[in-house]
Amino acid sequence: MRLGIMASGRGSNARAILEAVREGRLQAEVPALVCNRAGAGVLDVARDFGVPAHLIVRGDFPTRTAQQRRMLEVLQDDRVDTIALAGFSAIFRPFFLEAFPHRILNIHPSLLPAFGGTMAPRPQADALAAGVKLSGCTVHLVTEDVDSGPIVAQASVCVRPDDTVDTLAARILEQEHRIYPEALQWFADGRVRVVDGIARVDPPVTAA
């Protein structure tokens with residue numbers, strides 16, 4: 001699997017993915033990382049792991065469509081076949097999604113479909129405000145409907161009576177770092193099928 005990472009922030013999930021590649025837990029090559037925010041910490045993460053980083057910011061292009069066409073060009077030039085969004089702060093145009101059918105993944109800090117449609121720390125704050133007893137994170141495929149694509153994997157955490165947004169977010173982030181590389185490996189193994197809008201994960205093939 002030739003995996004492209006797209007991120008806008010500090011890059012903790014990007015680091016978790018690249019560590020999994022380095023340690024052999026994720027069988028993938030990462031030929032490119034695309035960032036749309038100057039000064040983002042994820043650019044340092046890319047440098048630490050020797051991954052070529054492409055800074056493609058909105059201000060350098062006349063339209064958001066032109067910016068995304070450049071992102072697509074970079075990823076296709078590097079023969080990327082799967083994309084992991086790791087805190088990427090943009091909504092894709094349809095042409096971008098169509099270039100990677102069922103091969104763009106995102107991780108969201110809630111148990112979707114609850115508390116979708118916003119980025120951290122809003123989902124964690126909304127979970128606390130709603131008084132839920134379980135929260136967590138979701139790996140899902142990206143579609144035109146934000147945070148509504150087929151769910152691939154989820155992990156839950158208990159919400160404690162004394163939780164703050166920061167403490168809840170920290171425990172959820174631990175689970176994000178665990179399940180995102182694992183879900184990506186399912187794609188590397190060819191175990192994920194989308195059937196009637198639902199992601200089905202086949203069991204691993206075992207030797208006879």
Side-chain angles (χ1 to χ4, degrees), residues 2-18 28 30-47 49 51-110 112-126 137-153 169 172-173 176-177 180-181 183-184 187 199:
R2 290 183 65 82
L3 180 67
I5 297 175
M6 303 183 73
S8 308
R10 60 184 175 177
S12 72
N13 269 302
R15 182 177 294 279
I17 291 167
L18 291 168
V30 183
L33 182 145
V34 171
C35 179
N36 62 346
R37 184 173 295 167
V42 73
L43 296 170
D44 294 328
V45 173
R47 185 184 64 247
F49 285 85
V51 175
H54 304 268
L55 182 60
I56 305 175
V57 298
R58 172 68 180 84
D60 291 341
F61 297 86
T63 64
R64 204 169 295 279
T65 295
Q67 178 196 21
Q68 292 193 11
R69 289 199 183 281
R70 176 56 185 156
M71 293 176 177
L72 178 58
E73 181 181 62
V74 164
L75 293 164
Q76 289 180 328
D77 284 349
D78 285 322
R79 296 183 291 112
V80 165
D81 56 54
T82 306
I83 295 173
L85 306 185
F88 190 67
S89 61
I91 296 174
F92 289 111
R93 299 292 193 255
F95 72 85
F96 194 100
L97 299 176
E98 290 165 4
F100 301 95
H102 296 154
R103 299 293 290 192
I104 303 177
L105 289 88
N106 184 47
I107 187 138
H108 184 79
S110 77
L112 293 175
F115 311 120
T118 58
M119 295 188 69
R122 182 67 182 274
Q124 298 95 321
D126 288 347
C137 53
T138 303
V139 178
H140 66 95
L141 291 167
V142 178
T143 63
E144 290 188 53
D145 295 326
V146 175
D147 294 334
S148 297
I151 291 170
V152 178
I172 291 173
L173 193 61
E176 292 180 36
H177 295 169
Y180 207 0
L184 288 166
F187 280 82

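Throughout, residue positions are numbered sequentially from 1 according to the sequence presented.
In this structure, Val45 and Gly11 approach most closely via the heavy-atom pair CG2-O, 3.9 Å. Closest approach of Val80 to Gly4, counting heavy atoms only: CG1-N, 3.5 Å. Between Leu33 and Ala14 the shortest heavy-atom distance is CD1-CB, 4.5 Å. The shortest non-hydrogen separation linking Ser148 to Thr143 is C-OG1, 4.2 Å.
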- Task: List the steps, then state whether side chain to side chain contact (heavy atoms under 4.5 Å, CB included) holds for Val152 with Phe187.
- Result: CA-CA 10 Å; Val152 178; Phe187 280 82; 4.0 Å; yes
- Could you walk me through whether His177 and Asn13 pass the side chain to side chain contact (heavy atoms under 4.5 Å, CB included) test, one step at a time? CA-CA 6 Å; His177 295 169; Asn13 269 302; 3.3 Å; yes
- Message: Run Val42 and Ile5 through side chain to side chain contact (heavy atoms under 4.5 Å, CB included) and show every step you take.
- Response: CA-CA 10 Å; Val42 73; Ile5 297 175; 5.5 Å; no
- Message: Set out, in order, the CA-CA distance, both residues' side-chain angles and the distance that settles side chain to side chain contact (heavy atoms under 4.5 Å, CB included) for Ser110 and Leu112, then state yes or no.
- Response: CA-CA 6 Å; Ser110 77; Leu112 293 175; 3.6 Å; yes
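Checking side-chain atoms of Arg2 against main-chain N and O of Asp78 turns up a donor-acceptor pair under 3.5 Å. Using modelled atom types, no side-chain atom of Gln67 and backbone atom of Asp60 make a donor-acceptor pair closer than 3.5 Å.
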Please set out all donor-acceptor pairs under 3.5 angstrom arising from side-chain atoms of residues 115-125, sequence neighbours excluded.
unit_1, atom_1, unit_2, atom_2, d
Arg122, NE, Asp126, OD1, 3.0
Arg122, NE, Asp126, OD2, 3.3

For residues 82-100, please give each side-chain donor-acceptor pair under 3.5 Å, one per line with the distance, not counting sequence neighbours.
unit_1, atom_1, unit_2, atom_2, d
Thr82, OG1, Arg103, NE, 3.0
Thr82, OG1, Arg103, NH2, 2.6
Ser89, OG, Ser8, OG, 3.1
Ser89, OG, Arg37, NH2, 3.2
Arg93, NE, Thr65, OG1, 3.1

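With sequence neighbours excluded, the residues satisfying side-chain contact (heavy atoms from CB on, under 4.5 Å) with Leu43 are Cys35, Ala53, Leu55.
For CZ of Arg58, the number of neighbouring non-hydrogen atoms (other residues, nucleotides, ligands) closer than 6.0 Å is greater than 12.
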